Structure formats: C-alpha cells, structure tokens
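Beneath this line is the structure, given in structure tokens, with notes to follow.
What you see is a predicted model; the values in this text were computed from it and never measured.
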Amino acid sequence: MTRTSVVIVTFNSRAYLGPCLDALLPQLGPDDELIVVDNGSSDGSAELARARCPAARVIGGPNDGYAGGNNRGAAASSGEVLVFLNPDTVVRPGALAALTAPLLPAAEGPEGAEGGEGRQPIGLTTACLVHHDRPEVVNACGNTVHYSGLTYCRGANRPRAELAEDADVDAVSGAAFAMRRELFWALGGFDERFFMYCEDTDLSLRARLAGYRCRYVAAAVVLHHYRPSYTPAKAFYLDRNRHLMLLKSLGGAAYARLLPGLLLAELVTWGFLLLKGPRFWGVKPRVYAWLWRHRRAIAAHRRASPARPAPERALLAGLSYRLEFEQLAGGPLALFAALVFHPAFRLARLPLARGCA
C-alpha cells in the first residue's frame, strides 16, 4: 500500500518547480508517490515535471484553483497520508518524514495520531515555513485564526529559533501540510467554491469541529518563495471566503453569538480597504452581493454538514481576539488600531466565552 502521496498543484510555476522536485525526490520512499496537477499552465510546467520525475503522475486540466487542483490530485492518490506542497517550496532534508510521522499508525500516545487519553487526535500537521532567502526567519508556523475568521501567518518574521517547539495551532498553512487521506475525504476535501485563499483555514476549521487537532511540526522545515502582494481580486477572495467559511460551517446559535465580533471585524476590514485606495472600494459590495446570491446554497450546505462533535462555542472562544495589525500596517497606525480594537474584540467575545470554561 502507498504510504505517502505528495500533491503539488502548479500554474505557470516552472521557474520554481524544478528546485521543488529536486529537493523532494530524495525524500520519497519506494512506497510513496508524487502527483503533479497542472492547472492549464502555458510555461511547460507539466513537461518539466515529467522530465524531472518520470515516475510521477502528471495530471492536466483547467485552472480550477488551489482547491480544485488539490482535490483532483487527492482523488488520483492512493497513500495513507496526503502531503500538499506549493510548487514554490523547497523541503529541507528530513522535512517530509517529520511532517508525516505524527499521522502514521505508529504515532500513538499523547502527541501522536491516536491522541491519548482525554486528548483529541491529530488530524493535520503543518510545516515550519521559512523565507527561502532568509531561512532563519519564519514565514508561517501554521496559521493564527481570529474568531471572526481573519487568518494570519503564525510567527511571521520572527526568528525561527523562537518557534522550535511543536505546538497545536489554529490552522495549517496550505503551502506545506499533511493529513490522513481518509480524514480528507471524510471532510469532503477542499471546498472548490473558494477557488483560492482560506481553503486551508476552512479545512482546518472543519477538522477541528469534527474533533481533530492541527499540529505544528518544528522539524519539518520548508523554504518558501513567499512574495507578499495585495490586489482587489485577492481582497475579494479573502473576504468572501472568510464569510463563506463561517456561514456554512457554524450553526445558527454559534453564529448569532459571533455577530458582535463580526460587526467589529467589518469595521476593521472596511477601514483597511478604504485606506488602500479607490481600486479597493468596491470589494465589500461585491462580497455582500455574492453572499446574498448564494444564500440558499450556503444554508443548504450548512444543513447537510456532518455532525460537529467539538462544541462550536468552545472552539470559537479559544481562537484569538487579537488581530495581527503589524502584518497589515506598520508603526503608529498598527499600535493605535491594536489599542482601540483589541479591548473591543475581547469584550465582543464574551457571549462565546460564557459556559465554555
């Protein structure tokens, strides 16, 4: 039986794909497989993958985004454990084994896949992503999720040495993470409506509602060609997908208790987009219009969702009330925003926290 299936989705990523495959191939064992999904590239990414790794399964198709491409790769896999990698990553020696170890049958006990007495089992593991050209500096050690759904890179721009211990995290980073294939499909895989952005947070939230933990593995070091960018299209997908994630995953009572914090988050995100300039001023109306058009489908999806063994209120109350303003703005503006909004978000979280101790 195949032990590990590594899935890489590429879209015009030839410049990065070669180094990615060169670092990965020596870490694949005889019982592992590599699946490269090419989302309609025009730069020869698929041909490069075939030339570098003739044993790899290369799957072509249209550009149906990160979510759709990874679902196609997972559907073609046969491994016990799925590893999802971005093509602009380079796995350091031993990273693949470290990332998958907590999910394999031998990983039992308090920190293993079986959880241990009184503990939820590990459902997903996430790598220590560091900047490719500054490997001593963290890109993301998992993700931190605000209870309004806003998500940030955990440990961003901190020294890697400060995050040298394994830890439970709010969510995995989609650039490099692993989970058991059985759980992936039990959760329905990635939600393809997202297309791109927040799919990793959505999958993590659904796993946690199903009673699983997300675990950061410090020894799984992966270099990442991270290029920060922010466009109106990205702003739309980030905001729409955040709302979609919460609307489709939470029951009505939990969502109602979340409303004070959600309204505060709308104030913050409106302000941020207004400050970004006229190109961004239409993002929020487009998000609201999309959600309204799809309200019946979202409600139907929520009703059809599987049972949630983990209490929603407890999960939400355990998420951060602090926003990483320093990742959005620098200096006095970030400090002012934190002083104003952190106490307000903490107060707005009280309806969630009651009864969750």
A98 versus A220, closest heavy-atom pair with distance: CB-N, 4.0 Å

Expected output: side-chain R208 to main-chain D170 donor-acceptor under 3.5 Å: yes

Validation row, ring centre F84 to ring centre Y66 under 6.0 Å: no

Aromatic plane relationship, H225 with H132 - under 30° parallel, 30 to 60° tilted, over 60° perpendicular: parallel

Salt bridge (charged side-chain N to carboxylate O under 4.0 Å, His left out) against R346, all qualifying residues, sequence neighbours excluded: none

Donor-acceptor under 3.5 Å (R154 side chain, V169 main chain): no

R14 and S45, any side-chain heavy atoms less than 4.5 Å apart: yes

Side-chain heavy-atom pair C141, R158 within 4.5 angstrom cut-off: no

Set of residues satisfying ring-ring contact (aromatic ring centres under 6.0 Å, His included) with respect to Y237, sequence neighbours excluded: F195

Atom pair CD (E199) and CG (N71), whose distance is rounded to the nearest 0.5 Å: 10.0 Å

Straight-line distance of L264 CG to T269 OG1, nearest 0.5 Å: 10.5 Å

Distance-minimising heavy-atom pair for V268 and F325: CG1-CE2, 3.9 Å

Value rounded to 0.5 Å, distance of CD1 in I35 from CD1 in I8: 10.5 Å

H224 and its side chain to side chain contact (heavy atoms under 4.5 Å, CB included) partner, picked from V130, V138, N86: N86

Smallest separation among heavy atoms of R52 and P19, with atom names: NH1-N, 4.4 Å

Within-4.5 Å side-chain heavy-atom neighbours: M179 and V81: no

Ring centroid separation Y197 to F236 under 6.0 Å: no

Heavy-atom closest contact (L250 atom, R302 atom, distance): O-CD, 2.7 Å

Cluster check L25, L223: I/L/V/M/F/W/Y, side chain < 4.5 angstrom: no

Straight-line distance of R242 CZ to T151 OG1, nearest 0.5 Å: 9.0 Å

Distance-only polar pair, side chains of R193 and N241, donor-acceptor under 3.5 Å: no

Any side-chain heavy-atom pair of V172 and T201 under 4.5 Å: no

Common cluster, L82/Y216, ILVMFWY with side-chain heavy-atom separation under 4.5 Å: no

Pairwise distance NE2(H301) to OG(S249) - rounded to 0.5 angstrom: 7.5 Å

Trace of the side chain to side chain contact (heavy atoms under 4.5 Å, CB included) decision for T4 with E80: CA-CA 6 Å; T4 301; E80 291 180 77; over 6 Å; no

R296, CZ atom: more than 12 neighbouring heavy atoms under 6.0 Å: no

Residues D88, R227; criterion salt bridge (charged side-chain N to carboxylate O under 4.0 Å, His left out); working and verdict: CA-CA 10 Å; D88 60 353; R227 301 167 302 283; 3.6 Å; yes

Partner of L103 by side chain to side chain contact (heavy atoms under 4.5 Å, CB included), out of I122, L124, L183: I122

H146: partners by ring-ring contact (aromatic ring centres under 6.0 Å, His included), with sequence neighbours left out: F345

Option among F341, F280, Y230 that satisfies the ring-ring contact (aromatic ring centres under 6.0 Å, His included) test with F272: Y230

Salt bridge E165-R160, side-chain N to carboxylate O under 4.0 Å: no

Any side-chain heavy-atom pair of L275 and L273 under 4.5 Å: no

Nearest heavy atoms of P351 and A348, plus distance in Å: CD-O, 3.2 Å

Taking every non-hydrogen atom, the tightest pair across T126 and S173: OG1-N, 3.1 Å

Ring centre gap for F184 and F190 strictly below 6.0 Å: yes

Residues R3 and D32 bridged, charged N to O under 4.0 Å: no

Side-chain heavy-atom pair D200, N143 within 4.5 angstrom cut-off: yes

Cluster check W290, L262: I/L/V/M/F/W/Y, side chain < 4.5 angstrom: yes

Basic-acidic side-chain contact under 4.0 Å: D202, K248: yes

Distance-only polar pair, side chains of S5 and R181, donor-acceptor under 3.5 Å: no

V91 reachable from V6 in the ILVMFWY side-chain graph, under 4.5 Å edges: yes

hydrophobic_cluster_shared for M245 and L316, side chain cutoff 4.5 Å: yes

Check: V83 and L99 side chains under 4.5 Å, non-hydrogen atoms: yes

Distance in Å, N70 CG paired with E192 CD, rounded so as to fall on 0.5 Å steps: 10.0 Å

N39 side chain vs F11 backbone, donor-acceptor pair below 3.5 Å: no

Beyond-backbone contact of C128 with L163, side-chain heavy atoms, under 4.5 angstrom: no

CA sep, side-chain torsions, deciding dist, call: D64, R72, salt bridge (charged side-chain N to carboxylate O under 4.0 Å, His left out): CA-CA 10 Å; D64 48 4; R72 279 191 283 138; 3.1 Å; yes

cation_pi(R349, Y321) dist<6.0 Å, angle<=45: no

